[in-house]
Amino acid sequence: MRGEVSDVTATDGGEAEGRPKRSIAARLTTVLAALLVLLALTVPYDFGRLSPAAFVRIPLEALLVVALLLALPSRGSRLVATLAGVALGLLGLLKLLDLGFSASLSRAFDPVLDWALVDEGFAFLSESYGRPAAIGAAITLALVVVGLPTLVTLSMRRLRRLVVRHRIGTTRIVAALVVVWVACAAFNVRVVEGVPVADTSATTLANGHGFQVRLRLDDRETFGALIEADRFGDTPGDQLLTALRGKNVVVAFVESYGRDAVQDPEFAPQVGAVLDRGTSELSAAGFAAQSGFLTSPTFGGGSWLAHDTLLSGLWIDNDQRHRTLLASDRMTLNGAFRRANWQTVGVMPAVTKAWPEGSFFGYDRFYNAKTLAYRGPKFSFGTPPDQYTLASWQRLEQAKRDGNVMTELALVSSHAPWTPVPPLLDWADVGDGAVYRAAGRSDDKRRNTTQIRADYRKSIEYTLGALTSYVRTYGDDDLVFIFLGDHQPAAVVTGENASRDVPISIITRDRAVLDRISGWGWQDGLKPGPEAPVWRMDAFRDRFLTAFGP
C-alpha cells in the first residue's frame, strides 16, 4: 500500500510540474501566431516606408475576419480560418516580393511578368557571389514560399480556437477596435506619413495587383499596334542616315550610369572631375562633345529593356513587351544602319550563354564573353574589365574596319555589386587580360551602405575613364561615339524616389555632325548640367534618324 501511495503521489507531482510548462509553451505559441498574422497584415510593401512606427495600424481586414469567426458555427469558422490563413500567407509573400523589388528596382513586383527574373537573379548571385551562395538563396526562397503560407494558416487556425473560446471578451475587443478604426479613418490619423492607422492596405494591395494583371493582358494588343506604327519602317536605305555616310558609329551603354552619378553631391565632384578632364583631353585631341539626359524605362536593373527602348523607338518597360518586340520585324536603330549599307557589330561581354535577342537585332558580327577571349580573373558581375572589352573590340574589329560600321557596345564594369573595381592600365599592357591577376582584388562582399555607394562611384569613374581614354587613343576623324547610361543604380545607391534619367553624350571630331543636332539643345562637354534637356529614351531613335537623314 505504501508503495502504491508513493507512486500516485509521484505521478500527481509530475503532472503538476509539467502542466505549467505546457501552459507557458502554449501561450508562447499563441503569442507568436498572433504576431505572425499581425506582421503579415501590417508590414509595409514599400521599402521606403519600412519602419517600426509603420506597424502601428488597425487592419480592417482582421476585424472583419474575427467578426466572421464569431458569427459562424464551428465548421464554418474553421473553413474561414483556413481560407483566411492561406490568403494572408500569399499576401505576405506578395508583400515580401514588393519589398524586394522596391528596394532594388524601385517598383512593385509584377505577378504576370517578373517570374522570368528568377533566372536572372540566380545568374547574378552565381556570378557575383559564387554558385553555392546562389543555390543557398534559391533553397531559402523555396522554403519561404512553402513555409510562410503554411505557418500563417496554422496560426489562423490556432487563433480561431482562442477567439471561439473567449467569445464574449473577443466581441467586446472587436467592437472597441471598430470604433477606434472609424475615428482614425474620420480624422485621417497617421503615425507615419502615408501610412494611416485605419488600415485597408491588404485590400488595396490585392486590388492593385489585380488591376496590374488586367493591364498586362490588355497591353499585348495595344503594344502590337504601336510596333506597326513606324514612321521609318518603309524608308529606303538610301534615304536613311545620309549625313553619317563614311562614319564609324558607336552606341555604348554604360551600366548603372544615372543622373545621380553626375548630380548627387556624394558622387558628382569625383565623377564630374573625370568627365571634365575627359572633355579637356578630348578637346586637345580635336574632339568635341555634347550631352543631355534620357529617361530610362527601367531602374536599378533590366538593362535589356533600355537597350530595346533606345534601339526600337518604343517604350519597353517590361518583359512582355520585350518578348513581343523580339517576335516582331520592327526596324531598330542598328537595323536602320544595316538597311543603309553599314556593317553592324554587337559587343556584349556579359553574354555567357545562348542569346535569343541576337536573331532580332541581326548583327553582322557579334562578340560575347567567349569570343572576347578574356584570360584574367572575374570582376564585378563576373565579367572582364571594360578596358579589356574596349581593347579586344579594337583588336578584333576596329583595327580591321573597312567601310561604314555601326557598333552597339555594352560596358558592364559598373554593374552591381560594384566590387572589385579594376585598375586603368596602359593600353599596350592589357593583352589577353592575364595582367589583371596581379592587379589585386577584394573579395569582401560584406559592405555597409557607405562602402557600397563609394564602390559604385569608383566603378563609374573607372568606366568613364576607360571610355574617354579609348577615344583619345584610338579615335579618328570618322568616329562618332555615343555613350549613355542604361538606368540608375539600385535604391541602395540613389535613395528613394530618385529620377530615372541617365546621361547621354556624343563625341566626334566632325563639327558638321554636331551641327545636325544643334536643335536638340544639348550642352557642350561630357557632363550634362541640371538644366540639360530631358527626353524619354524611346524618342531617341526617331530624333536621331531625322537629324541625320536627307
Side-chain angles (χ1 to χ4, degrees), residues 23-47 49-100 109 140-141 143-182 184-185 191-192 195-210:
S23 177
I24 291 172
R27 289 176 182 177
L28 181 60
T29 303
T30 301
V31 169
L32 291 176
L35 284 175
L36 180 60
V37 169
L38 190 62
L39 282 173
L41 280 167
T42 59
V43 65
Y45 46 85
D46 183 347
F47 189 79
R49 293 176 178 172
L50 190 60
S51 68
F55 291 88
V56 183
R57 289 188 276 171
I58 303 173
L60 178 62
E61 297 84 2
L63 299 178
L64 293 175
V65 170
V66 174
L68 267 177
L69 295 178
L70 291 169
L72 291 171
S74 179
R75 180 178 297 178
S77 66
R78 280 198 297 271
L79 178 61
V80 167
T82 301
L83 294 177
V86 172
L88 188 55
L90 295 176
L91 181 74
L93 286 177
L94 193 57
K95 284 188 174 186
L96 289 177
L97 289 167
D98 277 347
L99 280 172
F109 171 71
T140 301
L141 178 62
L143 291 174
V144 171
V145 168
V146 175
L148 184 60
T150 302
L151 287 175
V152 174
T153 302
L154 293 174
S155 297
M156 281 297 301
R157 290 174 65 90
R158 185 176 189 87
L159 294 175
R160 181 202 72 85
R161 292 194 294 271
L162 183 68
V163 166
V164 172
R165 189 181 306 126
H166 302 281
R167 188 179 297 272
I168 295 176
T170 304
T171 301
R172 291 172 179 172
I173 292 172
V174 170
L177 287 175
V178 167
V179 172
V180 174
W181 190 95
V182 171
C184 290
V191 177
V192 177
V195 183
V197 173
D199 180 42
T200 58
S201 62
T203 302
T204 302
L205 178 65
N207 287 339
H209 280 291

Indicate the atoms forming the closest heavy-atom contact of [X] with [Y], along with that distance.
X      : Y      : value
Gly89  : Val152 : N-CG1, 3.8 Å
Pro149 : Val146 : CD-O, 3.6 Å
Leu69  : Ser77  : CD2-O, 3.3 Å
Met156 : Ala84  : CE-CB, 4.0 Å
Leu70  : Thr171 : CD1-OG1, 3.6 Å
Val37  : Ser155 : CG2-CB, 3.9 Å

Is [X] reaching over with its side chain to a backbone N or O of [Y], donor-acceptor style, under 3.5 angstrom?
X      : Y      : result
Lys95  : Ala202 : no
Trp181 : Ile58  : yes
Thr170 : Arg167 : no

Hey, what do you get for [atom1] ([X]) to [atom2] ([Y]), rounding to the nearest 0.5 Å?
X      : Y      : atom1 : atom2 : value
Leu94  : Leu205 : CG    : CG    : 4.5 Å
His166 : Leu162 : NE2   : CG    : 5.0 Å
Leu151 : Leu88  : CG    : CG    : 12.0 Å
Leu41  : Leu36  : CG    : CG    : 10.0 Å

Arg157 side chain to Thr153 side chain, donor-acceptor N/O pair below 3.5 angstrom: no

Side-chain donor-acceptor contact under 3.5 Å, Thr203 with Glu61: yes

Heavy atoms of other groups near Leu143 CG, more than 12 under 6.0 Å: yes

Matching residue for Leu64 among Leu60, Leu68, Val66 - test: side chain to side chain contact (heavy atoms under 4.5 Å, CB included): Leu60

